[in-house]
Amino acid sequence: MRCEQVRDYGVVVCDGSLPDLQDVLPMTSSGSLRALALTTPTVDRLYGDVLRRWLGRTGLDAIVDVMPLTEHTKTMEAALRVSAAAQRHGLGRRDVIVAFGGGVCSDVASVAASLTRRGIGHITIPTTLVGQVDAGIGLKGGVNFEGSKNYLGCFSPPQLALINPAYLRSLPARELRCGTAEIMKMALIRERALFDVLGENGVTLIGSGFSEPPDVARYVIARSVRLMLEELRPNSYEDQTLQRLVDFGHTFSATLEERSGYRLRHGEAVAIDMALSCELATRLDILDAREHDEILWSFKTLGLPISSPLMTLEAAYHAMDVTAAHRGGSLNLVVPPTIGEGMFIVDASEVHGGLLQASIDHLRSEAGHGPFPVSAVQRER
Ligand SMILES: NC(=O)c1ccc[n+]([C@@H]2O[C@H](COP(=O)([O-])OP(=O)(O)OC[C@H]3O[C@@H](n4cnc5c(N)ncnc54)[C@H](O)[C@@H]3O)[C@@H](O)[C@H]2O)c1
Ligand SMILES: [Zn+2]
């Protein structure tokens with residue numbers, strides 16, 4: 001027996017407003033579908049009217065469920081509450097859950113959709129930058145479990161992702177920086193030109209809620225989305241290889257998030273992880289010191305953190321252990337040999353304690369300094 005399931009889904013970058021669903025998702029034209037839209041109080045306050053008007057235009061028999069969802073409540077209980085709402089509203093196999101919110105909302109909605117009737121469709125309309133370039137456009141859903149981030153989850157592609165950069169105007173700067181960290185991830189492993197555009201415009205983009213300069217904002221989001229989808233496509237279910245370039249910045253980060261009690265935002269932990277990975281790469285003669293300085297300088301300029309008191313040698317070892325368990329026993333640490341390319345440090349034995357400690361210490365002292373090149377700083381192995 002051989003089981004296969006090929007799924008297509010569209011990711012549409014919109015120009016200020018959401019398109020009619022019938023225009024981008026032809027299967028809904030029969031008008032027989034029901035929808036449960038999941039959103040959170042903040043997003044409901046800001047854009048609840050927009051959501052309800054759009055749902056009205058879809059012709060779907062829709063209800064809106066507003067649920068407080070944070071990293072602390074991103075749990076199985078939340079996903080089950082969404083499934084219970086789907087059951088009350090009578091959702092059938094052809095019906096959909098719509099996630100209208102940040103990455104936490106889409107992660108929970110995705111898990112709920114994958115469980116409800118063994119899998120119903122879901123549509124994502126991400127309202128955060130992290131959601132628009134990452135969480136809302138991939139196949140994965142997840143909830144936190146027994147202290148482990150995203151320990152329970154699913155591969156459940158959306159039927160459609162609608163990316164409307166206009167929602168980012170109300171997003172706090174801290175959240176915009178988190179999304180910028182995920183864009184930086186794509187730039188560093190895939191495209192030097194995107195890194196340069198971020199370097200030139202990142203501060204303005206963050207300062208303006210990704211509305212200025214408008215063409216650059218749209219370009220940066222669309223380009224990051226495209227690069228992410230190109231990475232996901234050949235290995236969508238992570239069954240071809242456990243070496244994934246998009247895991248750059250995602251080796252130490254989950255441990256930091258967990259140990260901060262989720263006070264550290266996902267994007268912040270990713271930035272700290274990327275900085276450490278680059279520092280290790282430089283000390284291992286993989287990444288040129290000048291390029292490394294360029295990366296650190298851009299992080300500092302954009303206000304991305306490069307170190308944390310939680311980033312200790314013990315935490316790094318713990319993170320490497322749990323990550324290797326997740327990656328079939330290999331560390332598969334992603335590092336850029338140059339800005340715009342990625343490669344893997346496969347074996348954890350290459351990252352020994354002295355190297356880790358020196359890297360952690362150096363980044364900690366660097367974090368205290370302003371954004372300037374540090375090529376003069378002596379790096380010891
Ligand atoms: N499934 C995946 O592939 C994937 C990828 C990346 C991240 N994630 C997950 O996504 C989560 C992080 O997502 P996030 O950064 O979007 O966090 P989030 O969902 O917690 O949203 C961040 C904050 O922004 C607020 N908000 C949302 N939209 C807003 C808007 N337009 N204006 C003002 N405020 C708004 C929310 O109320 C919340 O307080 C993490 O749990 C992470 O693990 C998943
Ligand atoms: Zn991430």
Side-chain angles (χ1 to χ4, degrees), residues 38-48 50-51 66-75 78 99-111 113-114 122 124-145 148-158 161 163-186 189 209-211 224-225 228-229 231-232 236-238 244-254 256-258 260 262-274 334:
L38 177 66
T39 192
T40 55
T42 303
V43 178
D44 186 41
R45 182 171 49 78
L46 290 164
Y47 302 109
V50 174
L51 171 67
V66 183
M67 220 185 250
L69 291 169
T70 66
E71 207 62 61
H72 293 284
T73 56
K74 188 179 128 170
T75 58
F100 190 75
V104 171
C105 176
S106 59
D107 267 0
V108 169
S110 175
V111 170
S114 79
H122 74 286
T124 57
I125 309 177
T127 60
T128 63
L129 189 54
V130 167
Q132 298 196 346
V133 299
D134 200 334
I137 62 170
L139 289 86
K140 291 202 273 195
V143 293
N144 304 330
F145 181 69
S148 293
K149 189 163 165 71
N150 292 332
Y151 188 79
L152 298 178
C154 58
F155 288 95
S156 170
I163 310 300
N164 185 5
Y167 299 143
L168 305 178
R169 268 178 233 162
S170 54
L171 201 61
R174 185 177 181 189
E175 302 297 339
L176 289 161
R177 280 195 291 272
C178 287
T180 304
E182 296 280 15
I183 298 173
M184 184 60 85
K185 168 188 82 179
M186 292 315 306
I189 52 160
F210 265 64
S211 68
S224 190
V225 164
M228 172 61 96
L229 295 177
E231 286 301 311
L232 294 183
S236 314
Y237 293 92
E238 299 177 24
R244 298 175 356 115
L245 288 183
V246 292
D247 282 340
F248 181 45
H250 291 70
T251 295
F252 307 102
S253 55
L256 295 179
E257 286 180 80
E258 287 159 14
S260 75
Y262 297 109
R263 276 188 294 277
L264 209 53
R265 307 283 307 136
H266 176 70
E268 292 167 345
V270 170
I272 294 163
D273 182 317
M274 289 192 289
V334 185

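Ligands are counted one by one from 1 in listed order, and the atoms in each one are counted from 1 as well.
Checking only distances, Glu182 never comes within under 3.5 Å of ligand 1, N or O to N or O. Among the atoms of Tyr47, none of the N or O lies under 3.5 angstrom from an N or O of ligand 1. For ligand 1, the polar-atom distance check finds an N/O of Gly103 within less than 3.5 Å of one of the ligand's N/O atoms. Taking only nitrogen or oxygen atoms, main chain and side chain alike, Asp107 reaches within less than 3.5 Å of ligand 1. Between Val104 and ligand 1, an N or O atom pair is found at a separation short of 3.5 Å.
Using modelled atom types, no side-chain atom of Glu231 and backbone atom of Arg244 make a donor-acceptor pair closer than 3.5 Å. In this structure, Asn144 contributes its side chain and Asn150 its backbone to a donor-acceptor pair below 3.5 Å. Here the side chain of Glu182 pairs no donor or acceptor atom with the backbone of Asp134 at under 3.5 angstrom.
Using a 4.0 Å cut-off to heavy atoms of Glu71, the atoms of ligand 1 that qualify are 40 (C), 41 (O). With ligand atoms numbered from 1 in the order given, ligand 1 contributes 27 (C), 28 (N) to contacts under 4.0 Å with heavy atoms of Val43. Numbered from 1 in the order shown, with element, the atoms of ligand 1 that lie under 4.0 Å from a heavy atom of Ser170 read 30 (C), 31 (N), 32 (N), 33 (C). The atoms of ligand 1 that sit less than 4.0 Å from any heavy atom of Leu46 are 32 (N), 33 (C). Listed by number with element, the atoms of ligand 1 under 4.0 angstrom from any heavy atom of Glu175 are 22 (C), 23 (C). The contact set between ligand 1 and Asn150, taken as ligand atoms under 4.0 Å from a residue heavy atom, comprises 43 (O). Listed by number with element, the atoms of ligand 1 under 4.0 angstrom from any heavy atom of Tyr167 are 30 (C), 31 (N).
Nearest to atom 22 (C) of ligand 1 among the protein's heavy atoms is Arg265 NH2, 3.2 Å. Here the heavy atom of the protein found nearest to atom 5 (C) of ligand 1 is Asp134 OD1, 3.1 Å. The closest protein non-hydrogen atom to atom 42 (C) of ligand 1 is Lys149 NZ, 3.7 Å. Looking only at protein heavy atoms, the nearest one to atom 29 (C) of ligand 1 is Leu171 CD1, 3.5 Å. Counting protein heavy atoms only, atom 28 (N) of ligand 1 is closest to Thr127 OG1, 2.8 Å.
For atom 38 (C) of ligand 1, the protein comes within 4.0 Å by no heavy atom at all. In this structure, atom 8 (N) of ligand 1 is in close contact with the protein, since a protein heavy atom lies within 4.0 Å of it. Within a 4.0 Å radius of atom 44 (C) of ligand 1, the protein contributes at least one heavy atom.
By heavy-atom distance, the residue among Asp44, Val130, Asn144 lying nearest atom 12 (C) of ligand 1 is Val130. Remark: among candidates Thr128, Thr40, Thr39, the nearest residue to atom 21 (O) of ligand 1 is Thr128, based on non-hydrogen atoms.
Between the side chains of Thr128 and Tyr167, no donor-acceptor pair is found at a separation under 3.5 Å. Counted by atom type alone, His266 and Glu71 present zero donor-acceptor pairs between their side chains at under 3.5 Å.
With Glu257 as the partner, the salt bridge (Lys or Arg N to Asp or Glu O under 4.0 Å) test is satisfied by one option alone out of Lys149, Arg265, Lys74, Arg263: Lys149.
When you scan the N, O or S atoms of His266 for the one nearest the Zn ion (ligand 2), you land on NE2. When distances from the Zn ion (ligand 2) to the N, O or S atoms of Glu182 are compared, OE2 comes out shortest.
Within 6.0 Å of atom OH in Tyr151, 12 or fewer heavy atoms from other residues, nucleotides or ligands are found, so the atom counts as exposed in its surroundings.
Contact annotation for Leu168 and ligand 1: no heavy atom of the residue comes within less than 4.0 Å of the ligand. Heavy atoms of Thr70 found under 4.0 angstrom from ligand 1: none, in either backbone or side chain.
Between Phe210 and Arg169 the shortest side-chain heavy-atom distance does not fall below 4.5 Å.
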